[in-house]
J.: 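This structure is in structure tokens; I'll ask about it shortly.
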Amino acid sequence: MAYQFFAALVLLVSTAYVVGHRRALSVAAGRLHDLHSLPAYHGLFSAIGVFVPMLAVFVLGAPLVNWMAQSAALGNFDAAIQADPLQRSVILRDAVSLAKGQFGGDASPELQQAAADFKSVLANGNWAVLGLSIAAGLAALAAAFGTIKVPFRARKHVERFTKIVLGACAVVAVLTTIGIVFSVAFETYRFFFDPAIKGKPSVTSFLFGLEWNPQAAMRADQGAISTAYGFVPLLVGSLLITFIAICVAGPLGLFSAIFLSEYASQKVRAIAKPILEILAGIPTVVLGFFAALTVAPLIRGLGEAYGLNVASESALAAGLVMGMMIIPFISSLSDDVITAVPQSMRDGSYALGATKSETIRQVLLPAALPGIVSAFMLAISRAIGETMIVVMAAGLAANLTLNPLEAVTTITVQIKTILVGDQEFDSAKTLAAFALGFVLFFVTLLLNYIALRIVRKYREQYD
Amino acid sequence: MDMSAATRMEAERSAPVTAQGLPAKVVARDVNVFYGEKHALKHVDVDIPDRGVTAFIGPSGCGKSTFLRCINRMNDTIASCKVTGKITIDNRDIYDPSLDVVQLRARVGMVFQKPNPFPKSIFDNVAYGPKIHGLARTKSELEAIVTASLEKAGLWSEVKDRLGDSGTGLSGGQQQRLCIARAIAVNPDVILMDEPCSALDPIATAKVETLIDELRANYCIIIVTHSMQQAARVSQRTAFFHLGTLVEEGPTERIFSTPRDQRTQDYITGRTG
């Protein structure tokens with residue numbers, strides 16, 4: 001049914017374009033410049049005029065038909081069965097699979113009747129929707145045909161439709177963001193305030209607690225088990241690893257961006273830049289086992305050579321590899337913004353006798369600062385949100401430490417650990433993951449805000 | 001042509017000397033410029049006197065800007081560009097490998113076609129050159145240089161209360177005078193101007209022209225211009241370029257009244273170009 005509909009839609013819409021285009025040419029009768037809009041706009045106007053009602057009939061009609069078919073199937077059973085949501089859904093599932101011929105087992109006469117009813121209502125309804133949508137499309141085409149006159153402002157209508165489509169896309173993106181925030185916020189609220197959840201911490205003990213040890217009671221008779229939901233060790237772990245990553249990626253990324261944009265020849269740049277960007281395409285799982293199997297033992301060996309006590313999973317290993325992961329974000333974006341600084345700025349500086357490095361430090365970098373800061377922010381967001389490398393290289397132990405040679409854990413790793421496997425969604429342990437996600441969201445929001453303030457304060461805007 | 005006694009004395013000291021007895025500041029001998037395969041400037045010989053304004057005129061693509069950019073070696077920044085021949089400033093070959101281009105550009109300032117102030121404060125724009133060349137040891141010395149440069153550029157009274165504002169916030173004419181102040185601040189001998197008024201309105205143009213007239217007492221100014229009226233108004237000597245060659249050079253009055261070459265005659269009467 002959907003296939004037939006989309007075939008009809010494509011056919012009618014393209015026909016409408018051709019008809020509109022031809023109609024415009026014929027009403028113009030050879031005097032093309034008298035037309036208010038170009039023939040192509042009349043064609044687009046007709047196509048849109050057909051597309052919108054056809055799609056509307058389908059989008060509204062198809063679910064309606066499905067609902068009607070389900071009602072028809074349910075009509076064969078007692079009111080008592082219909083009222084029970086569980087039995088209702090069992091019957092519906094059986095009827096639908098029977099109608100599709102996928103039902104194994106013996107079907108009662110009622111069920112067979114229900115399946116037959118479902119099938120016939122669905123088939124008739126679908127044909128009705130298809131017919132109705134084609135009729136709507138044809139009617140719209142006729143209307144558009146009549147509307148096309150020499151002074152008709154088809155261009156204005158097409159422009160308005162374009163604006164509506166673009167606006168709708170923006171709205172979808174914004175609504176998705178809001179939806180995600182609300183779904184996390186709702187579970188977080190339950191974690192802190194739902195009286196049915198046992199063993200939950202208070203807001204202050206969550207935000208300022210120094211110990212993280214979430215446990216769920218396996219059986220009711222286990223009694224009290226030691227549980228702690230202190231967020232601080234995770235935050236410190238996340239920030240420590242991110243800090244190490246930025247210490248690696250910041251200088252390497254920025255300096256390679258400066259090299260690529262100001263010193264490298266076109267040839268070198270054309271080769272080196274894509275290779276750097278490939279680094280961003282390596283799956284983090286791969287980077288994770290590189291960190292765990294190569295970098296971590298290396299650091300451990302080095303540390304022992306100098307008499308240091310290094311954990312086999314260390315924040316340093318995870319941070320170093322994560323730094324490598326985010327180098328391309330910094331280098332590629334910074335390279336773009338430095339290259340975008342107008343040549344006249346460089347000329348002005350060179351003409352005053354400035355050297356290349358003076359020009360870069362005092363003219364180009366300040367002018368490119370907003371872009372460079374956003375490159376860093378993107379990199380930091382990626383680092384804070386990164387999970388896989390940390391799982392594999394930094395461990396799960398929630399140590400509250402600033403020593404990069406010890407094992408630490410991060411917010412994202414704990415979210416992953418909590419949610420892996422079968423979980424019940426009414427225990428404090430599971431809901432803690434949502435609280436962590438919510439707080440993580442605010443941490444990144446805060447970092448973005450700080451970055452925005454820095455940019456406002458120090459940017460040097462060229463026109 | 002009015003010449004002070006001091007200039008005359010300098011003229012006797014420095015050599016070579018132009019035909020009119022003026023001291024030659026910039027001397028070019030058989031200068032050729034190639035952009036890749038393209039021979040953009042052909043066998044240019046010219047003596048440009050100190051203390052005065054020399055205008056380069058000619059139709060678009062005639063090589064006048066290319067030659068201007070040879071004088072402070074801005075062409076070095078273009079990879080495909082090759083310069084042959086000899087250019088000297090005060091008898092020093094500026095393409096000598098032992099010469100530091102940074103020092104050359106400190107002595108040869110440049111003002112561009114489109115005003116290009118840095119996206120910094122007005123003060124920092126002017127202070128940029130003195131800072132990188134270490135011309136001021138203390139903050140008050142730096143302030144004195146900035147003030148003097150802005151005064152010489154005729155911009156001081158307009159910006160003295162807002163030195164901290166961004167240079168890009170000024171009007172086009174003010175931006176161009178800020179760029180002139182920026183060039184003056186490093187205390188150059190020669191100032192190159194590449195169509196400095198082509199992006200400005202007539203009032204701003206008049207102000208910049210007045211400024212050029214004031215500056216000629218202290219600097220060797222070379223200006224590329226599309227406007228023959230501007231060349232006649234501001235310059236004492238004029239050089240006419242055509243298809244990459246220097247056709248004719250001489251006192252501005254003479255070039256405009258009795259040009260010797262037919263091509264010059266055609267250009268200034270509007271028959272070509």
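Every chain is numbered from 1 and lettered A, B, ... according to where its sequence line falls, protein lines coming before strand lines.
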J.: Measure distances from B:P188 to the heavy atoms of chain A and classify the residue's part below 4.5 Å as side chain, backbone, both or neither.
T.: neither
J.: Give, as side chain, backbone, both or neither, the part of A:S265 having an atom under 4.5 angstrom from any heavy atom of chain B.
T.: neither
J.: Is it the side chain or the backbone of B:R73 that comes within 4.5 Å of chain A heavy atoms, both, or neither?
T.: neither
J.: Does a side-chain heavy-atom distance below 4.5 Å link B:I57 with B:K64?
T.: no
J.: Between A:F255 and A:F259, does the ring centre distance come in under 6.0 Å?
T.: no
J.: Just jot down the ring pair (Phe, Tyr, Trp, His ring centres under 6.0 Å) partners of B:F34, sequence neighbours excluded, or say none.
T.: B:H39
J.: Only counting residues at least two apart or in another chain, list the ones meeting ring pair (Phe, Tyr, Trp, His ring centres under 6.0 Å) with A:Y350.
T.: none
J.: With a 4.5 angstrom heavy-atom cut-off, could you sort out which part of B:V108 is near chain A: side chain, backbone, both or neither?
T.: backbone
